[in-house]
Amino acid sequence: MEDHIVHIGSSSSSSDDDSAPPVIMPPPVNRHIINEDDIIDLDGVGEHHRRRRHNNRHRRQMRHTGHAAIIEAEHGVGGIIDLVNREASAITIARAAEEDAAAASNNCALNKVRSFKEMLKYTTNMSDGMPMNINQGIDAFPFTEERKKFLSNVLSTMSVNVHEEMNNSINILFDNNKQVDEHEFAFEVLAEYVDHIDYANDFEKLGGFHIFLPCIRSEHPSVRIKTTELISTLVQNNPYCQEKFMENPNYPRALISMVENDLNDEVRVKALAAISSLVRQNVTVFRQFIELGGKDLIINSLKTSIDKLKIKAVFIICSTCNMGNDIAEMYIDNGIVEIVSSIIMGMEKTFESFHHELFLSTLNQLLHMSPVRVKEICSSMGDLKPALTSLRDSYSDESGYQDEKDQVLWLMETLTL
């Protein structure tokens, strides 16, 4: 049964556009839409067909009255009609089996397609000029050599030479005569590829790292931000790029300088995020970073008035303090426990609740690495216990705050507060 199409006028739309899509509504019960003007009751149609079937059956009975042998010959087992029905059924079953087998074969082959080249191979091997589906009949076009060549050309235009694209973007970034929007677009092109670790490594091999210093010195904050974002993507969880980046000390020093001296706060935060990606999960790189002045950078970022810098700094501490006892002791020796505890005591009013777990987890990590020293420091801070109690009570009973509550309870229990 067709659906009844109702067009919504301008009174039901917030715009003056009259091309609003039609709203599909089911037709009324026992009504059949012939066209926009004619509506016939289904009950009347049903009665008409019932009478027609009855009259036809009556005429067939009259025609065969007294001719039982003819009826049996036509309809009996082995009769003409019976044989025709059986043959038709067999043909239908065989055709369905052929279609299922063809569909299964095509699906299995299609599931293996993972690239344009494999798609081309799949399409050129589909058939030797025969229709793809037996139901297509004469409407199917033969897959001729000319059509294969055309498809090959189409697929080749859809393919992308990633190395060429990256190399062109690198050249744009080296060109000081390019406009800032051209540099930003080049960064966007690179960002599409370097998220893949193999392309990230290829970017370094193409000499892409040489753009870092000129772009970091750019007068445009947007270019400096794009540079730090690109570095973050390149080095995150990528030991090859992390180590290559540290081979030139000017690169990490430039990031440190951005965090300390850049006039744009967003640039400073993005630079520290790039450092975080650089040093995490690579103890060798982290130790090199500390030798270049990274310890003071972390501490000063944690003391700053910029909350986003505090969050990035404490994340570095949380993700690196378990790399070794000497690293945890370095943090403790430089007052990190006192600073983090002070932030926790006031973070109920200064930080969103989804950041609480990060600070609590950092203190728990330090407590786990050096329980005696951290307990001693925390016990000397008389305001810590009431602050933790207030923080615990501030969380609702919703399951979304269970991790924060568990962190607070574990701290209080372990510190015997």
Donor-acceptor pair, [X] side chain versus [Y] backbone, under 3.5 Å?
X	Y	result
N167	H163	no
H183	D175	yes
Q236	T233	no
S380	I377	yes

We want to know whether [X] and [Y] form a side-chain donor-acceptor pair, criterion being a heavy-atom distance below 3.5 angstrom.
X	Y	value
Q242	N238	no
R280	S276	yes
Q407	N364	yes

Any residue meeting salt bridge (Lys or Arg N to Asp or Glu O under 4.0 Å) with [X], in chain and number order, not counting sequence neighbours:
X	value
D198	none
D202	none
E247	K244

Are there more than 12 heavy atoms of other residues, nucleotides or ligands under 6.0 Å from atom [atom1] of [X]?
X	atom1	value
E376	CD	no
K310	NZ	yes
D326	CG	yes
F351	CZ	yes

Would you give the length of the straight line joining atom [atom1] of [X] to atom [atom2] of [Y], rounded to the nearest 0.5 angstrom?
X	Y	atom1	atom2	answer
I172	F187	CD1	CZ	11.0 Å
L360	I343	CG	CD1	11.5 Å
R268	T228	CZ	OG1	13.5 Å
F289	R253	CZ	CZ	12.5 Å

Check your understanding: Does some side-chain heavy atom of F245 sit less than 4.5 Å from a side-chain heavy atom of L255?
Key ->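 Yes. Closest side-chain heavy atoms under 4.5 Å.
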Can you list, pair by pair, the side-chain donor-acceptor contacts under 3.5 Å of residues 207-220, counting residues two or more places apart and other chains?
unit_1: S218; atom_1: OG; unit_2: H220; atom_2: N; d: 3.1

Practice item. Output every pair passing ring-ring contact (aromatic ring centres under 6.0 Å, His included) with a member in residues 296-338, not counting sequence neighbours, ordered by first then second residue. Key: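 Of all non-adjacent pairs touching residues 296-338, none passes ring-ring contact (aromatic ring centres under 6.0 Å, His included).
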Practice item. Please collect all side chain to side chain donor-acceptor pair (under 3.5 Å) contacts where either partner lies in residues 334-362, sequence neighbours excluded, each pair once. Key: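 Of all non-adjacent pairs touching residues 334-362, those that pass side chain to side chain donor-acceptor pair (under 3.5 Å) are E348-S390, H356-Y395.
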